[in-house]
Amino acid sequence: MNCTKTELLNALNDIVGAAGLKTEPADLETYGKDWTKFAKPAPIAVVLPADAEAVVALVKLARRLEVPLVPSGGRTGLSGGAVAPAGELVVAFDRMNNILEFNAADRLVVCQPGVVTEQLQQFAEAEGLFYPVDFASSGSSQLGGNVATNAGGIKVIRYGMTRQWVAGMKVVTGTGELLSFNQGLAKNNTGYDFRHLFVGSEGTLGLIVELTMSLTSLPKDPSVMLLGVEDMAATMPVLQACQAKLPLTAFEFFSEKALVHVMAEKGLQRPFESATPFYALVEFENQSDADMETAMEVFEHCLENGWVTDGTVSQNLTQAKSLWRLREDISETIAQFTPYKNDISVRVSKVPEFLQEVDRLVGEAYPDFEIIWFGHIGDGNVHLNILKPADLAEAEFFEKCAEVSNWVFEIVQRHGGSISAEHGVGLLKKPYLHYSRSKSEIAAMRAIKSVFDPDGILNPGKLI
Amino acid sequence: MKVLVAIKRVVDAYVKVRVKSDGTGVDLANAKMAINPFCEIAVEEAIRLKEAGAAEEIIAVSIGATQCQEQLRTALALGADRGILVENDEALEPLAIAKLLKAVVDKEGIDLVILGKQSIDTDNNQTGQMLAALCNWPQGTFACNAEIQDGKIQVTREVDGGEQTVLLNMPAVVTTDLRLNEPRYASLPNIMKAKKKPIDTTTPAELGVDVSSNLKTLSVEAPAERSAGIKVESIEELVNKLKTEAKVI
């Protein structure tokens, strides 16, 4: 920064006015961090632009004064991508939260980046349509952040990641230039598609100031089948059988250990009498009455082959939601055990082998560590959680876990997997990026960044 | 002891129902249907009595269109032994339902009838009481606990301001409240087995019951929509609005 703080604040005030500027310590604390805890927030100020023009002016100012910018949405990220630990200026989009335009024939909705994910979901539903990207934090996460991190969630197997729903976007690059990409076109083969470069760029290439999102048809009522699986390897033929016959919307898994914790903490009943080491949660859409019959046939087929030993299926939507809780409440339930968490992916078919390898390695080195597995097995994305033993100090635990991280990432690398399936890289995974991306790739990423952000003022220190 | 549980097929509790534009009722075309949640609790209670050795047979009965078989199958999967469908396409009022249930009770020699306290679609809360009156049996309504004791049934009832415990001679009628139990999930193997359990079909005519209605629905309307709240800028503005708009002070 080549000016005093007062000069900066005065200049910011000229752009956004007092209503768009926050400098109270409590605000700096709130806006300077995401859901991660490892970095202490220390932004110089928080600025809340009201429109794209203000964003352009802000970036130009930041470039002139050499002030690093950290874009901030709902701050529900899990990799420190929106953390401002070093005197950065946080640019929050809370005031740009309007849905600007909707066209039923195009099935496109133009949103400002501060629109909350749930807001778009509800808007779509009121129009008889559906925005299918959904995850635990959809009540507070913002679209700009969803796109910048290419958020995934629980319906990826059917609807893909956020990327699939971005039909157009406007961004302000690090030079203060306002660019518009793709303008909602379904077909547009005119060279490099910058839209996809900015999806998942974690605020390192530009600030998203407008999004054109696609909507789809409302799904029919879902049914949820929960299957008891004796052996992780058996989930693969089960997945195959379900995919072949049913309109799947989710295929999740969790371990018996995870279930035991959730039942105890949330006072939920065991879904069926027999306990099995793993459970597969299968959600499918009832497009016709025949789908439930088919589900029964699939279950019988899996039972005859010995892949599953027991199971249940929701008889109403209340039960469908209750069964989902067994999976969705895991994260919150185990939070009390100060868990080490890791979000990784490998090819779907390699998941069972991958789990076994990690279990064996960690089990041998630290037999007192309790490993809780759950995740979106239908798209190869697993969440590894290790609970801190009660008698182990936090610092010592995380030190040992850092070692575990390296082992896990080596296994990920060997399987050609990803060190961050849906949580992004941010600050947390940056040191490990090389396990998933080659030196040349990372160099190319840096080169691309220098095109859009030549002075490196956009979210410096993150991702690459 | 033979237990009869009554099951109503209703719109799923999570479906947002809309009133038909002609005001004749709510639009249930393609809506997800399910067992009335209170009836589910009744089924669960009957199963628990059987598991505790207090009941020998559970018969599930549903009155309505052919599709009610789906809900009967669910009850059979949960643990009922056999089903009876009293087929009737018209919507019936509580008294007609109570008369039909009375006919089934007499025919089957039932010792205990467990029903939901009300259905979530019409919210009448009448059938159990009417049935008890027609049978001249004691009734334990709004049950949050039920225990068999020496041939009698002790029922704890949810009443205004607390609980009331009654001891009923058998045979008896019990209607369920929400806290009575948490219904189990139907296991897939049991759903498969339930396909082989018998469902007998009968009609009001076969049971000798006149189900003609004394009521006519004139029109069905959605409740008036509430307008969204507003934020006031100052206490003065609030007071002013309370005086001039809400007219409460």
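The structure displayed is predicted, hence computed values, not measured ones. In what follows, chains are A, B, ... by sequence order, proteins preceding strands, each numbered from 1.
Between the CG atom in A:Asp221 and the CG atom in B:Asn30 there is a gap of 9.5 Å [rounded to 0.5 Å]. If you take CG on A:Asn316 and CG on B:Asp12, they are separated by 5.0 Å, rounding to the nearest 0.5 Å. Here the NZ-NZ distance, from B:Lys32 to A:Lys220, works out to 13.5 Å after rounding to the nearest 0.5 Å.
Contact of A:Ser314 with chain B is not made at all, since no heavy-atom distance falls under 4.5 Å. Contacts between A:Leu323 and chain B at a heavy-atom distance below 4.5 Å involve backbone atoms as well as side-chain atoms. Heavy atoms of A:Lys321 lying under 4.5 Å from chain B belong exclusively to its side chain. Contact of A:Met225 with chain B is made through the side chain alone, with heavy-atom distances under 4.5 Å. For B:Pro183, the part sitting under 4.5 Å from any heavy atom of chain A is the backbone (N, CA, C, O) and nothing else.
Other residues, nucleotides and ligands contribute at most 12 non-hydrogen atoms within 6.0 Å of the CG atom of A:Asp289. The neighbour count for B:Lys195 NZ, taken as heavy atoms of other residues, nucleotides or ligands under 6.0 Å away, is above 12. Other residues, nucleotides and ligands contribute at most 12 non-hydrogen atoms within 6.0 Å of the CD atom of A:Glu101. No more than 12 heavy atoms of other residues, nucleotides or ligands shown are found within 6.0 angstrom of CD on B:Glu90. Counting heavy-atom neighbours within 6.0 Å of B:Glu237 CD, excluding the residue itself, gives a total above 12. For A:Lys245, the NZ atom counts as loosely surrounded, since its 6.0 Å shell holds 12 or fewer non-hydrogen atoms of other residues, nucleotides or ligands. Remark: B:Glu51 CD is packed, more than 12 non-hydrogen atoms of other residues, nucleotides or ligands lying under 6.0 Å away.
Of all the heavy atoms in A:Ser322 and B:Tyr185, the pair that sits closest is CB-OH, 3.1 Å. For the pair B:Pro189 and A:Gly311, the tightest heavy-atom approach, listed with the atom from each and the gap, is CD-O, 3.9 Å.
No donor-acceptor pair closer than 3.5 Å links the side chain of B:Ser187 to the backbone N or O of A:Thr312.
Taking A:Ala275 as the reference, A:Glu256, A:Arg270, A:Tyr279 meet the side-chain contact (heavy atoms from CB on, under 4.5 Å) condition, with sequence neighbours excluded.
You'll find the side chain of B:Arg184 stays beyond 4.5 Å of the side chain of A:Phe272, heavy atoms only. Between B:Leu188 and A:Asp310 the shortest side-chain heavy-atom distance does not fall below 4.5 Å.
Within residues 62-76 of chain B, the residues having any heavy atom closer than 4.5 Å to a heavy atom of chain A are B:Thr74, listed by residue number.
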